[in-house]
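Values below: every heavy atom of this structure, side chains too, minus hydrogens, waters and symmetry copies. Both ligands and their constituent atoms are indexed starting at 1 by order of listing.
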Amino acid sequence: MSEQKRDEDRAAGRRVVVAGAGMAGVQTAVALRERGFDGTVTLIGAEPHQPYDRPPLSKAVLLGKAEGSAFDVDFEGLGIELVLGREVVGLRPADHELDTESGPVPYDVLVVATGAEPIRLPGAEGVPGVHLLRTLDDAERLRPVLARQHDVVVVGAGWIGAEFATAAREAGCAVTVVEAADRPLAGALPAEVAAPMTAWYADSGAVLRTHARVARVEPGSVVLDDGSRLPAGAVVVGIGARPATGWLAGSGVELGAHGEVVADASLRTSVPDVYAVGDCASFPSGRYGERLLVHHWDNALQGPRTVAANILGATTGTPPAVYDPVPYFWSEQFGRFVQYAGHHAAADTVLWRGDPAGPAWTVCWLRGDRLVALLAVGRPRDLAQGRRLIESATRMDPRLLTDPARPLKAATV
Ligand SMILES: Cc1cc2nc3c(=O)[nH]c(=O)nc-3n(C[C@H](O)[C@H](O)[C@H](O)COP(=O)(O)OP(=O)(O)OC[C@H]3O[C@@H](n4cnc5c(N)ncnc54)[C@H](O)[C@@H]3O)c2cc1C
C-alpha cells in the first residue's frame, strides 16, 4: 500500500485495525473487502503463523492427516495488511491508538477479535508433559506424543477433551479422561442428554473417571484427590477457555464477569469506534432474551459480517445491523458427528427422536410448541432442518416430532 493512500485513508478516517488474526479477525477483514470497503485494513495477530482454522487442530492436524489448516485467503490480493507475530498489549481510545510490543498503531475503527485462551490447571504449569490444545503449536507438540502411544490423561470431558481422547485412541494411546463433574459435557448439556455420551468413552476403549479431581500433576503421573495415581506419559488439559482480553484492562472497554467484552446488539463495545466479535465478546440475544458468550466457530464466521456491515453503515448513516443468530456448532467425537443449534436454557420440554443407545438420535428442546434448540448425533438432516425451524420459530407438533422416520420439517403444526 502506498504512503499516499495511507495518508488519504488517515485523513478520511478510513483505517480499520483488527486485533487478533483468528477466524473472527480474518472474516472481519475479508467481509469488509467483500462489501467494498476501500480504506486501509490492518490485521494484527500475536501468533507467527499464517492465520489458520482451529477445529482441525483436534482432528486431522493432531493425527497428522493434515499438515496445517491455514485459511485459503489471498490477503495481499484483497489489500489486507497482515501483521503477524505481534502482540497487542493495550488500547488508548482517547488517542485512537493500540499499543503493540513494537510500538503504537493508530486506528479510526478498531475490531477486537482476540478470541479466547485455554484455562490452565492450577499447579500443573511448567510440569513436563502437560499440554493445552488451542494453537497450531500446541497441536504440533502433541502429534509426536500421540505417535509414541503413551498413557495419556485428559483432564476435562468437555468438547476438546472428547475430541482429543478420540484422536489419542485412534493413535493407539491408553487414554484416561478425568472429569470433576458426574458426566461429560456437564457445563454444556443437561444430565439426561449427556448420559448416553458416557458410553461412547468406554466403547472407544477410553476410561472415563467422573467425580474425579486432580490433586496434583507430577512428571509421569496424575494424582487424584482420592489418592489414586494415574500413569501419564502426557497430560492434556481441556477445562475450558476464557476471553483473551487482559490487554484491554484500563482501556474503558466494558468487560463482563468472564472477562469477555460486553458488546451491544450491533457488536459495538462501550467505547466509540471499537467493535468486538468472536470468542472474546458477548452480545445480547433478542431471540433468547439473555446475553450469550459463544465459543464456537460459526459465531466467528457470522458475527464479522455484522461488524463489517456496521463499519460501512456508520459512514453512510445506515441504521446498525443487529446480530441475533441461532448459535450453531459441531463436534466430531468417538466416530460420531455431533451438531447443536440454538440455546436450550429457555426450553420447557425435551423430546427425543430415535434411541439414544443407538448410533443416531436427536434431542429437541421446545418452548411451548416452538423449537428453541436441537442436538443431532449422526442426523445432519435434522440439524439442517431444525436450524431453519428454530430461526423461523415455526410451531411444531410434538407427537410427529418424536417419530425419527419423519423429516423434522414435516413435524410442524
Ligand atoms: C482445538 C479446537 C477445536 C475446535 N473445534 C471446534 C469445532 O469442531 N466446532 C466448533 O464449532 N468450534 C470449534 N472450536 C472453536 C472455534 O475454533 C473458535 O470458536 C474460533 O476459533 C473462535 O475464533 P476467534 O477468532 O474468535 O478466536 P481465536 O481463534 O482464539 O483467534 C484469536 C486470535 O487472536 C490472537 N490474539 C489473542 N490475543 C492477542 C493480542 N493481545 N494481540 C494480538 N493477537 C492476539 C490469538 O493468538 C488468536 O490467533 C475449536 C477450538 C479449538 C481450540
Side-chain angles (χ1 to χ4, degrees), residues 17-30 42-62 69-71 82-91 98-102 105 110-119 131-140 142 158-164 166-167 188 236-238 240-249 251 259-261 263 267 275-282 293-304 307 325 327-333 336-341 383:
V17 175
V18 183
M23 178 72 182
V26 168
Q27 290 299 329
T28 302
V30 169
T42 305
L43 186 56
I44 306 177
E47 295 180 67
H49 307 289
Q50 195 66 12
Y52 61 88
D53 209 11
R54 278 176 217 285
L57 298 185
S58 50
K59 306 171 183 82
V61 173
L62 197 54
S69 53
F71 292 118
L82 203 49
V83 182
L84 299 174
R86 188 155 164 194
E87 190 174 341
V88 176
V89 294
L91 166 63
L98 280 180
D99 286 316
T100 75
E101 287 168 313
S102 44
V105 177
L110 170 67
V111 181
V112 177
T114 43
E117 51 204 6
I119 297 173
H131 297 262
L132 298 165
L133 179 48
R134 179 79 197 178
T135 64
L136 184 57
D137 289 343
D138 292 336
E140 280 175 355
L142 278 164
W159 301 111
I160 298 287
E163 292 201 353
F164 179 80
T166 302
V236 175
V237 178
R242 65 165 69 95
T245 55
W247 63 278
L248 288 167
S251 67
E260 79 282 11
V261 178
L267 301 179
Y275 294 79
V277 67
D279 278 13
C280 67
S282 69
L293 174 58
V294 178
H295 276 189
H296 296 300
W297 185 91
D298 190 63
N299 179 56
L301 170 70
Q302 310 286 351
V307 171
Y328 164 72
F329 68 86
W330 80 97
S331 171
E332 292 161 47
Q333 46 179 282
R336 290 165 174 88
F337 190 40
V338 181
Q339 295 168 287
Y340 178 98
L383 190 286

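Glu260 CD to Asp279 CG: the interatomic distance, rounded to the nearest 0.5 Å, is 11.5 Å.
By the 3.5 Å distance cut-off applied to N or O atoms, Ala46 is counted among the residues near ligand 1. Between Glu87 and ligand 1, no pair of N/O atoms sits closer than 3.5 Å. Taking distance alone, with nitrogen or oxygen atoms compared against 3.5 Å, Trp297 approaches ligand 1 more closely than that limit. At a 3.5 angstrom cut-off on N or O pairs, Ala24 counts as close to ligand 1.
With a heavy-atom cut-off of 4.0 Å, Trp247 touches ligand 1 through its side chain alone. Neither the backbone nor the side chain of Ala139 comes within 4.0 Å of ligand 1, counting heavy atoms alone. Neither the backbone nor the side chain of Glu117 comes within 4.0 Å of ligand 1, counting heavy atoms alone. Counting heavy atoms under 4.0 Å from ligand 1, residue Trp159 does not touch it at all. The proximity of Glu332 to ligand 1, defined as any non-hydrogen pair under 4.0 Å, does not occur for either the backbone or the side chain. Only the backbone of Ala113 comes within 4.0 Å of ligand 1, judged by heavy-atom distances.
Using modelled atom types, no side-chain atom of Thr42 and backbone atom of Val17 make a donor-acceptor pair closer than 3.5 Å. Remark: side-chain polar atoms of Glu101 are paired, donor with acceptor, to backbone N or O of Glu87 under 3.5 angstrom. Checked by atom type and distance alone, the side chain of Thr245 never pairs as donor or acceptor with a backbone atom of Leu248 at under 3.5 Å. Counting only distance, with no hydrogens or angles, the side chain of Tyr52 and the backbone of Phe71 share no donor-acceptor pair below 3.5 Å.
For Ala116, the heavy-atom gap to ligand 1 drops under 4.0 angstrom.
In terms of the side-chain hydrogen bond (donor to acceptor under 3.5 Å, both in side chains) criterion, Ser69 has no residue partners (sequence neighbours excluded).
In summary, the side chains of Ser331 and Glu163 do present a donor paired with an acceptor at a separation below 3.5 Å, with no hydrogens or angles considered.
Nearest-heavy-atom check against atom 52 (C) of ligand 1 across Leu57, Ile160, Asn299 picks out Ile160. Nearest-residue assignment for atom 37 (C) of ligand 1 (options Thr100, Val89, Thr114, Thr135; heavy-atom criterion): Thr114. Counting only non-hydrogen atoms, the option in Val88, Asp53, Thr245, Asp279 that gets closest to atom 40 (C) of ligand 1 is Val88. Nearest to atom 28 (P) of ligand 1 by heavy-atom distance, out of Arg54, Glu101, Met23, is Arg54.
Under a cut-off of 6.0 angstrom, the local environment of CZ in Arg242 is sparse, with at most 12 non-hydrogen atoms contributed by other residues, nucleotides or ligands.
Taking every heavy atom of Ala300 and a limit of under 4.0 angstrom, the matching atoms of ligand 1 come to 22 (C), 23 (O). Ligand-side atoms of ligand 1 in range of Arg86: 43 (C), range being under 4.0 angstrom from any heavy atom.
A ring-centre distance under 6.0 Å is found for Phe329 and Trp159.
Side-chain contact between Tyr340 and Tyr328 is absent, with no heavy-atom pair separated by less than 4.5 Å.
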